[in-house]
Amino acid sequence: MELVFAKNGGFCRGVKKAVDTALSVSPENTYIFGEIIHNPKVVEEITARGIVTVDKLSDVPQGATLIIRSHGVGKSVYEECARRDIKVVDCTCEFVKRTQKIIKAQYEAGKAIIIVGERTHPEVIGLNGWCDNSAYIFSSETDDFSILPPKKCCVVAQTTYSKEKFEKIIKNLNDKSEKTVEVFETICYTTIGRQNEASELAQKCDAIIVIGGLNSSNTNKLYDVCAKYCKNVFRLENAADLEYTTIKSFKKVGIVTGASTPNSQTQEVLLKMEMETEAKATMMEEVVANMDNQTRFKKGQLITATISSADDTGVAVLLPNTKKEVMLDKAEVDCEVYNKDEFNAKTGEEIELMVVAVTPRVVLSQKQIKQVKEEEAMLAEIQSGKEFEVTCTGFNKGGLTSTLGSYTVFVPAREVRSGFVKELDKYVGKKLRLRMLEVRKERRKEIIASQRVIIEEERAAKEAARAAKEAEFFANIHVDDVVEGKVERITAFGAFVSVNGFDCLAHISDLSWTGVKSVADVLETGKKYEFKVLKIDEESKKVSIGYKQLQPQPWDLVAEKYVEGDVIHGKVVRIVPFGAFVEVEKGIDGLVHVSQISHEFLENPTTVLAIGQEIDAKILKLDCENRKMTLSIKALEPKPEVERKPKEEGEGKTRSRKAKDVKPDDEVTEWSESSDASISIADLLNQK
């Protein structure tokens, strides 16, 4: 009989951490929340130390120590432990923690949570506790997906779930769901690797032996995978379940072990097979002797060995769960100066080492552990969604490439930024801000990452912040409010002014009562002024403000500056048939009636005055309320002497010219041959 072993067997890293913790922590007043792993033998060993396994947190007394197994727990467990002063020793698998963080973030974002897994499995129960136990849990592609709510969904998987079943469920879910479904592939890469390996082994062997606890989810998944490709699959919990007669006729038998199956348990099965037949004794001895190299150890693995002795060449250590001794070369010892006596004094103590080679012999190193642990911690952080930076070192037609520690980093072209990226070569040598999408370890250590998701998140955050700021702005601003604003930029038609961070427009026509040719004549970029809110259009996000509305109008100050009888100096700005308008100052015009231009009769003011001509005039009347000023030029000129003739017969009546086109603002004396003849300007206006 030929035995073929799955290379990836025995405790996974998460399970080993939990078991090692339970076997090393002080058992006094210590409890475990649920079975540490689904393996009765290991559970018995831990219980024998005095550690109590509980199924309810209420069974743990205040102030005790609680070990949380690799399956993880819900958020409420941590909260209650904090309230009751229970010390937590958290052994939650790093992949489970990542899934917990995804659920928490997506649930807080308002999405419905879907968990693909076994409803009663402790990991699934714990995951459900990170979304207030509101998750929709599916374990088959035939489940009823119509119960899902009409909103966006987030899908995660139990870390030990079947990848094949998960993909079928996702396909059906996408086909039947009316809303966006975002899928996170959270199945542990170790689980996927073991399932793939079990599939390959089952296809080339006559029979398969699957070893592990009968209630172990990951071991049962391995059994299902093997049964799909091999009709002779035997499920064993331990050596007592082995019936050698059922397998002795097979030529090629594969050995598959679950993530919660210790190597010692597998060795017991093999030793029983050895005892069943002397003919296979030699083969069995070789199998058991080589198990460390073939099944337990692999390159890059961290192990805990026991120091047995030391000499000038290095330190001899016993490999875990074996009697095999391996030499740790002194060059691989993590110390400044190697001293064999120091290690001889530590005989029997444990030392953590890394496997750097397994063929033709196991080679160990202590120096490389620090780098590996830092890399693992880094990987755990970025798997949880932490942003990281790399410098782009190359590109291909698919995207950009770089490295992070011992991992290669690949950024697909569609993940570089929003929109199509044509010239990928321009990114070489530049820093990339990335978030992990996926990590691949089956063939090579590779991280698939995206810069686009960060850019889009930041853009969405800015838009949300701007929208919130705008909403707050429009809720607190009203027409006729007086606001302070800073002039940000000037254009030909006005100035854009920042009022509480929002751009408002002060049109050039609202800057001065007298009108301006340039905005810069009134406002200066970078300076603050007070403005009055004139118009608000929340729909189009526009606010109009005015500067002149807070400034006094020219006529408001006239009474303080002028009185009737004053002599002013002004410029003719407009001529009409009944007189001329004179600009006294910007915004203030006075009227010189044609009768007040000269002592002589004028048919038209243009015979004496021209636009732009500067003149002096006397204020005859000032009406600030109606904004009128009546001026007289002739009042500043001496009256000409008129030669009088004796009256002739029939000349008793006065000859006067017609009041044609006369529009005075006040009562003035009309030119006449008779000095006592007069006409009211108001009458002239009425005649007109």
Side-chain angles (χ1 to χ4, degrees), residues 509 511-517 521 548 551-644 653-688:
S509 63
L511 298 184
S512 174
W513 293 110
T514 59
V516 291
K517 292 182 179 179
D521 293 339
K548 74 179 184 181
Q551 313 304 318
Q553 295 192 39
W555 274 97
D556 295 339
L557 304 175
V558 166
E560 300 176 7
K561 300 164 68 174
Y562 305 99
V563 295
E564 293 178 0
D566 283 353
V567 176
I568 60 90
H569 182 80
K571 181 171 65 176
V572 177
V573 292
R574 188 157 54 98
I575 297 176
V576 293
F578 57 83
F581 287 93
V582 177
E583 182 184 65
V584 179
E585 61 178 69
K586 277 286 187 181
I588 301 174
D589 290 349
L591 173 65
V592 181
H593 188 263
V594 65
S595 64
Q596 294 297 319
I597 296 174
S598 174
H599 288 288
E600 298 179 359
F601 171 76
L602 299 177
E603 283 287 347
N604 194 311
T606 55
T607 58
V608 177
L609 300 177
I611 292 176
Q613 180 180 344
E614 293 186 0
I615 58 94
D616 290 326
K618 183 178 181 180
I619 300 175
L620 296 182
K621 186 176 181 181
L622 189 59
D623 185 355
C624 295
E625 184 177 351
N626 294 309
R627 300 185 178 185
K628 293 181 179 180
M629 181 185 290
T630 304
L631 303 175
S632 173
I633 297 174
K634 77 177 186 179
L636 300 179
E637 298 175 352
K639 292 182 179 181
E641 293 183 5
V642 180
E643 183 180 351
R644 291 185 175 273
K653 294 182 179 179
T654 302
R655 291 186 297 113
S656 63
R657 66 180 177 87
K658 293 182 180 179
K660 181 181 179 182
D661 296 328
V662 179
K663 297 180 181 179
D665 282 357
D666 202 354
E667 191 174 57
V668 296
T669 302
E670 178 64 83
W671 177 89
S672 172
E673 291 183 1
S674 175
S675 60
D676 59 350
S678 66
I679 186 170
S680 167
I681 292 180
D683 292 339
L684 290 175
L685 289 175
N686 290 333
Q687 292 175 16
K688 180 63 177 178

*Which residues satisfy the salt bridge (Lys or Arg N to Asp or Glu O under 4.0 Å) test with E585, sequence neighbours excluded?*
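E585 satisfies salt bridge (Lys or Arg N to Asp or Glu O under 4.0 Å) with K561 only.
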
task: Return the minimal non-hydrogen interatomic distance between P577 and P605, and the atom names on each side.
output: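 Scanning both residues completely, I find the closest heavy atoms to be O-CD, 3.6 Å.
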
If I compare all heavy atoms of E637 with all of H599, which pair ends up nearest, and what's the gap?
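Where E637 meets H599 most closely, the heavy atoms are O-NE2, 3.0 Å.
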
Name all residues meeting the side chain to side chain donor-acceptor pair (under 3.5 Å) criterion together with [X]; count only those two or more places apart in sequence or in a different chain, and write none if there are none.
X    : value
R574 : none
S512 : T514
D556 : none

Task: Separation between CD1 of I597 and CD1 of I615, rounded to the nearest 0.5 Å - done: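 Between atom CD1 of I597 and atom CD1 of I615 there are 9.0 Å.
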
query: Can you tell me how far the CH2 atom of W555 sits from the CG atom of N626, to the nearest 0.5 Å?
result: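 It comes to 9.5 Å.
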
Heavy atoms, side chains only, cut-off 4.5 Å: are [X] and [Y] in contact?
X    : Y    : value
L609 : I633 : yes
V573 : I611 : no
L591 : K628 : no

Notebook entry, point to check: Got a sec, which residues hit side-chain contact (heavy atoms from CB on, under 4.5 Å) with T606, two or more places apart in sequence or on another chain?
Noted result: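 Per chain and number, T606 pairs via side-chain contact (heavy atoms from CB on, under 4.5 Å) with I575, N604.
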
_Tell me every residue that passes side-chain contact (heavy atoms from CB on, under 4.5 Å) with S632, counting only those two or more places apart in sequence or in another chain._
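Scan of S632 (side-chain contact (heavy atoms from CB on, under 4.5 Å), adjacent residues dropped) gives Q596, L620, K634, A635.
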
Name every donor-acceptor pair, under 3.5 Å, that has one atom in a side chain of residues 563-572 and the other anywhere in the protein, sequence neighbours excluded.
unit_1	atom_1	unit_2	atom_2	d
E564	OE2	L622	N	3.0
D566	OD2	V563	N	3.0
H569	ND1	D616	OD1	2.7
H569	NE2	E614	OE1	3.0

Quiz item: Just by modelled atom types, is the Q551 backbone N or O under 3.5 Å from a matching donor or acceptor in the W513 side chain?
Solution: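 Yes; judged by distance alone, with no hydrogens or angles, the pair exists.
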
